[in-house]
Every structure is written in C-alpha cells, then in structure tokens.
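Below, chains carry the letters A, B, ... as their sequence lines are ordered, and counting in each starts from 1. It should be emphasised that the depicted structure is a prediction, and the values quoted were computed from it without experimental measurement. Worth knowing before you read on, the calculation uses all heavy atoms, side chains too, and leaves out hydrogens, waters and symmetry mates.
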Amino acid sequence: MSATSVSPIPITTISELKQHHSQLVRLGLASHPAHARRLLAFLARDPVHLPYAARLLAHHPDPHPALFNPLFASLPPRHAAAFLALMLSLPLHPDHFTLPQLLPAAPLSFASQLHALLLKLNFHSHAHSFNALLAAYLANGRADLASRLFGGSSPSPALDVVSWTTMVGGMCRLGLVDDAREMFDAMPERNLVSWNSMITGYIKAGRFLHALEVFDQMRALGLEGNGFVATSAVVACTGAGALARGMEVHRWVEQSRIKMDEKLATAMVDMYCKCGYVEEAWRMFQALPTKGLTSWNCMIGGLAVHGRCKDAIQLFHQMERENMAPDDVTLVNLLTACAHTGMVSDGRHYYNYVVQRYGIEPKMEHYGCMVDLFGRAGLLDEAKKVIEDMPMEPDIGVLGALFGACKIHREVDLGEAVGWRVIDLDPQNSGRYVLLANLLASAGRWEDVAKVRRLMDERNVGKEAGRSVIEIEGEVCEFQCGSLCHPQEKDIFAMAEDMMREIRLEGYMPDTSDVMHDISDEAKETSLLYHSEKLAIAFGLLRTKPGDTMRITKNLRICRDCHEATKFISRVFEREIMVRDRNRFHHFKDGMCSCKDYW
DNA sequence: GTAGGGTTAG
C-alpha cells in the first residue's frame, strides 16, 4: 500500500493526532517518513508534546536525520539540544542539513559543542555547516572566535563567497565596520550580497557617505545591481540627506532592469521626504500600485517631520477610508506631527481615538510621544502626569522627552533632577551631559557646569562633534564644527564672517545662551561662528545665487543661535534654506522658519 | 537550507 493512500486528515488537537497515529500503526504506516514527519511537525508546536515526539523517534525502526532536522529549526535551542542527544544516542549521524538547522539560534555554549561535533564529523569542509558555525559565533558577539575559525589552518576550512560575506555582515552588526571593510577589500570574489552587506554595514554605523562610496565602486566595476542594493543605496542617501544623489539612484534604477518593488519604492518615498522634496515623495506615494502599511507610515512620518501636521492627519484619514488599519508606528508618527506643531488637543484626541478604535496597546514610545507633546507645549505638569499614570516604569526615552522639555522651557529645578537620572541610566550618551550643562549654563551656574564637564572627562564621554552635510551641484560636502578642511577654506571663512556681519546690520543678535563655557561674550560668539551649519551655509552662499534652495543635513539638533541666524540669512541673501536636524526639518524662507519657532 | 532591502517620540 502506498503511503499517500491514507487521506491526510487535518490534525488540530492532540487527541486527533493520537487517533490518527493509532490508525497509522494499525495500517503499518506509522514509520513511513511522510507520515512520521507530519506527526512530528504537529508535536513540535507545543513543548508538552515533546516527550511523545521523543518516544516516536526512539522507537522508529529506521530513524533518519531527515526526521530530526526539521525539529532542530523549529524548537528552542534547549529542546533542540535534547533531540540532538537522542539522535546521537541511537546512534544516528547528523547529515549536512543538521548543523545549519541547529546553529542559527544556538547560544554560545551550544555553538561551541556543535563546533566540536563539526570537527568530529569532518564537516569542516562542508561549506553550509561551516558557514552556519561562523554565523553562530558572530550572532553571539564573538568576532574573535569567528575570525579564528575563518583563518584556521587545521583542518583548512572550505571558504566560499558566503563565508566571506558572513564575516563582513556579522562584523558590521557587531560595530566592527572598519574590520569588515578590510575583509571586504580582501575578498577573492564578491557577489551582490557581499556588496550590499558592506553598504548596509556603513549605513548601520551611520557612515552614509562611505556607504555611497562603496555603491559607486560597485557601479564603476560595471555591475548591474538589484533591488536590494538599490534600496540600500537609497537608504544611504536618506541618511546623508543627499537629494541629488538619491535622484541619481532613482534614474539608475529606471534605466536598469531593477524592478521597482514596494520596498524599493517605499524607500524612495522616505528618501524624498527626508531629503526635503516632499512633493516628489507624494507623487511616488500616490503612484504606488499597492500601498502597504509601511508606505503609509513613511508618508505620514514624512509629513510630520516637515511640520505638516494637518496634512499628516488628513492622510491618516485617507488611510482609514482605504481600510488600512494603522499600527503603533502610525500612532507615533501622528503624535509626532501634533507634538512638533503644538497641536496638543489633536494629539490627545488621536491618541485616545487610535488606541480605542484599533485596539493598539500603548507602548513606551507612545507615552514618550505624549510627554513630548505636553512638555514641548510647556505643560510640564501634564507631562509629569503621563509618566505617573503610565503602567510601566518610564524608560530613558520617556525621561529624555521630559528632560528635553525642561531644556526648552528652562525648567532648571525639574530639569536638573531628570537630567541626572537620565545620565545615570545612559552614562555613555554625550548629548544628555551637554543638555544638562546648557541648562545649568543658562542659569549661570558655572560651577555645576564645570562639574558636568569634569564628569564627562572622568567617564571618557566625548562630545559628539556637530556635522553638517550640504550638497552642491550633486557633490556632497561635509563640515564639522570648529574645523575646516576644504580646498576653499579661506573663502568659506571669509564668507561666514561677512554673512554674520551683514545679518547683524539687519538686526540679528547672537544668542549665546546655549554656549556652555564660562568665557567672554566675544569668545562665545566666535564659538558659535564655527557651528557646522553656519560653515555649510557660508559654503552654500559661495556656490549658489539668490533664489536658489540649499539643503543641509546635520547630525545634532540645530541650536537657537543658528536657527535665528539662518532666518536672517534666508532674507538677506535671498535663499531658501532647508535644514534637517536630528529631529525634523526647518524650512527657512524670507526671514521665517516653517517651524514657526516651535521646536 | 549558511550572507542582504522600507516606517517609529527624545
């Protein structure tokens, strides 16, 4: 009788399984691989049935690795290890599928046991097993063990392009992007996965310009690329704020045979939003044949960072009309839109509405948004109440939002208390020290400012340097606070000084309240002049003409003084200036900013 | 069946 002659009754409960099993036993079919696999697949779904599965395997007349292998991938490592022990005790040898199934989820100690097994079985030269072991060490944060295995000589491993790519990707994930780059450069052969791994590695490290360099290098070799590489390139442009480069990637995709799938298109929508070209993002979004949840979220979030709160809300309603249910990200984006425009009552309304209507359980980030919404608006008591009433302990982000609000509204007492708490929770984050020092400086408490600075020194927390990127005629230039290394540096400096002199004549007054040094006012003003966005704007003025738009992307938040100065510059020099800071867009035109000074 | 892509407050 053939195995398929028994009609496959659906198995949904354990009693059904037992009935089915006894029927198979009567027919003498219980050991047939296809039936046994089906029984095991059901039993593996719940740990309470594992002893049953173990009995079935232990008494199988002709056990085969193919019966065990599917369990290894579906069971938690602890149970998988028990079944491996059973397998070895039969004794049954693992095959070439066994280790690749076991290794991806293996914690370190299990991985090293499997390493020993790999050597014993002489699977060292089996690329799949060997690469899975490399990946397991990397996944456990052990680049050292992976490197030793990779470079090992006895017995010499079979390295293929996947081994190299596994190392590159794994080291990038561990933050060892420079080591990964060395490996990447040494690769004997690269495929598109390798190129993409290196590009995404730089993206994860926030080194978008390096990511784009690798992308350029790939294209210079005449390689065609695919949707993955294209998406990564677009994401790199998004991170860098490089609109012209992003548009160039867009053209490259259209000229090549790369298919514009939903992920790629959504990445482009995001790129156009975050590079300041919302209209193009909108066109692409509207043209999407199918709009996934992520696409809606991207577009709503894009409107939010541009301060277009009403448009974001309108789009949310359109989303509802098209029967797309929002998720927790949608809610974050909606609340951000409201928070950044001071629309407190709308924020409160949509929070309640979305949570109730769609059954979204408010998470930490939503409480953070609400704290931000109230705090930014100066309703610090409301913000504190959100924290008191939330069902969990506030995390660093929620407290950070409250702290940020204290900084905006110069709430020195509360801010100091929250600031220290936030610093204790995340002592390596330089931004919090700087914020606290600024807050104390604004109250003239120089001794305490010095205390904060000393603590930063003791803990070896460097202040993150301000960096601004400006793209001129497709060329991406980066400026760093306080340092100029550009062929035109003298001209840029002279321009920066001219620029400040001219806007002063128009009424600009330097705002030195954010300078945390106890130095003379003149020295404070000079230190402001070195801010990276001012240098980038000065460079932009040299290279553009009145009526042009400049786009600047910076890594930190724009300071009060730069914000004020840029408003004047936009009017006096007749330029539109878009600045994307860490949080949002500022669109300066005719002496005003799109944020209406609410940020 | 070991390597790679889109959204999220501060």
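- Rounded to whole angstrom, the span from the CE atom of A:Met370 across to the P atom of B:dA9 amounts to 16 Å.
- The distance from atom CE of A:Met171 to atom P of B:dG4 is 14 Å, rounded to the nearest whole Å.
- In this entry the distance linking CG of A:Leu425 with P of B:dG10 reads 18 Å, nearest Å.
- For an aromatic pair to be called close, the ring centres must be under 6.0 Å apart, and A:Phe285 with A:Trp296 satisfies this.
- Side-chain N/O atoms of A:Asn583 include one lying less than 4.0 angstrom from OP1 or OP2 on B:dG10.
- Set against B:dG4, B:dT2, B:dG10, the side chain of A:Ala132 has B:dT2 as its closest nucleotide.
- Here the P atom of nucleotide B:dA9 and the CZ atom of A:Arg557 are 13 Å apart, to the nearest Å.
- A donor-acceptor contact closer than 3.5 angstrom links the side chains of A:Asn131 and A:Asp160.
- A straight line from CZ of A:Arg173 to C1' of B:dT2 spans 12 Å, rounded to a whole angstrom.
- Relative to the side chain of A:Phe228, the nucleotides B:dG5, B:dG10, B:dT8 differ in distance, and B:dG5 lies closest.
- A:Asp327 comes within contact range of no nucleotide atom at all, as no heavy-atom separation falls under 4.0 Å.
- In this model, a side-chain donor or acceptor of A:Glu262 finds a partner on the base of B:dG6 within 3.5 Å.
- Shown are A:Asp395, A:Asp328, A:Asp327; of these, the salt bridge (charged side-chain N to carboxylate O under 4.0 Å, His left out) with A:Lys363 is made only by A:Asp328.
- Of the candidate nucleotides B:dG5, B:dG10, B:dT7, B:dT7 has the atom nearest to the side chain of A:Thr294.
- As a whole-Å value, the separation of A:Leu303 CG from B:dT8 P is 13 Å.
- On a pure distance criterion of 3.5 Å, a polar donor-acceptor pair joins the side chain of A:Asp261 and the base of B:dG5.
- Between A:Met187 atom CE and B:dA3 atom C1' the separation is 9 Å, expressed in whole Å.
- Of the candidate nucleotides B:dT2, B:dG6, B:dG4, B:dT2 has the atom nearest to the side chain of A:Asn131.
- A:His340 comes within contact range of the sugar-phosphate backbone alone, with a heavy-atom separation under 4.0 Å but no base atom that close.
- Checked against B:dT8, B:dT2, B:dA3, the side chain of A:Thr165 finds its nearest nucleotide in B:dA3.
- Nearest to the side chain of A:Val235, among B:dG6, B:dT8, B:dA3, sits B:dG6.
- Using a 4.0 Å heavy-atom distance criterion, A:Gly301 is classed as making no nucleic acid contact.
- Distance NE2 (A:His366) to C1' (B:dA9): 9 Å, rounded to an integer number of Å.
- Comparing B:dG1, B:dG5, B:dT8 by their closest approach to the side chain of A:Lys204 singles out B:dG5.
- Checking B:dG4, B:dA9, B:dA3 against every side-chain atom of A:Val332, the shortest atom distance belongs to B:dA9.
- Residue contacts for A:Gly169: at a heavy-atom cut-off of 4.0 Å it reaches no nucleic acid atom on any strand shown.
- A donor-acceptor distance shorter than 3.5 angstrom exists from the side chain of A:His64 to the backbone of A:Ala66, with no hydrogens or angles considered.
- Note on A:Arg584: nothing from the nucleic acid sits closer than 4.0 angstrom, heavy atoms only.
- Closest to the side chain of A:Leu192, out of B:dG4, B:dA3, B:dA9, is B:dG4.
- To the nearest 0.5 Å, the span separating OG on A:Ser163 from CE on A:Met183 amounts to 9.5 Å.
- Using a 4.0 Å heavy-atom distance criterion, A:Asn226 is classed as a base contact.
- The residue A:Ser163 sits apart from the nucleic acid: no heavy atom pair falls under 4.0 Å.
- Heavy atoms of A:Lys363 sit nowhere under 4.0 angstrom from any nucleic acid atom.
- Residue-to-nucleotide contacts include no donor-acceptor pair under 3.5 Å from the side chain of A:Ser197 to the base of B:dG4.
- Contact annotation: side chain of A:Asn333 to base of B:dA9, donor-acceptor pair absent below 3.5 Å.
- Counting heavy atoms of neighbouring residues, nucleotides and ligands inside a 6.0 Å radius, atom CD of A:Gln428 exceeds 12 of them.
- A:His128 and A:Phe123 have their aromatic ring centers separated by at least 6.0 angstrom.
- No engagement by A:Asn69 is indicated, since no non-hydrogen atom pair under 4.0 Å with the nucleic acid exists.
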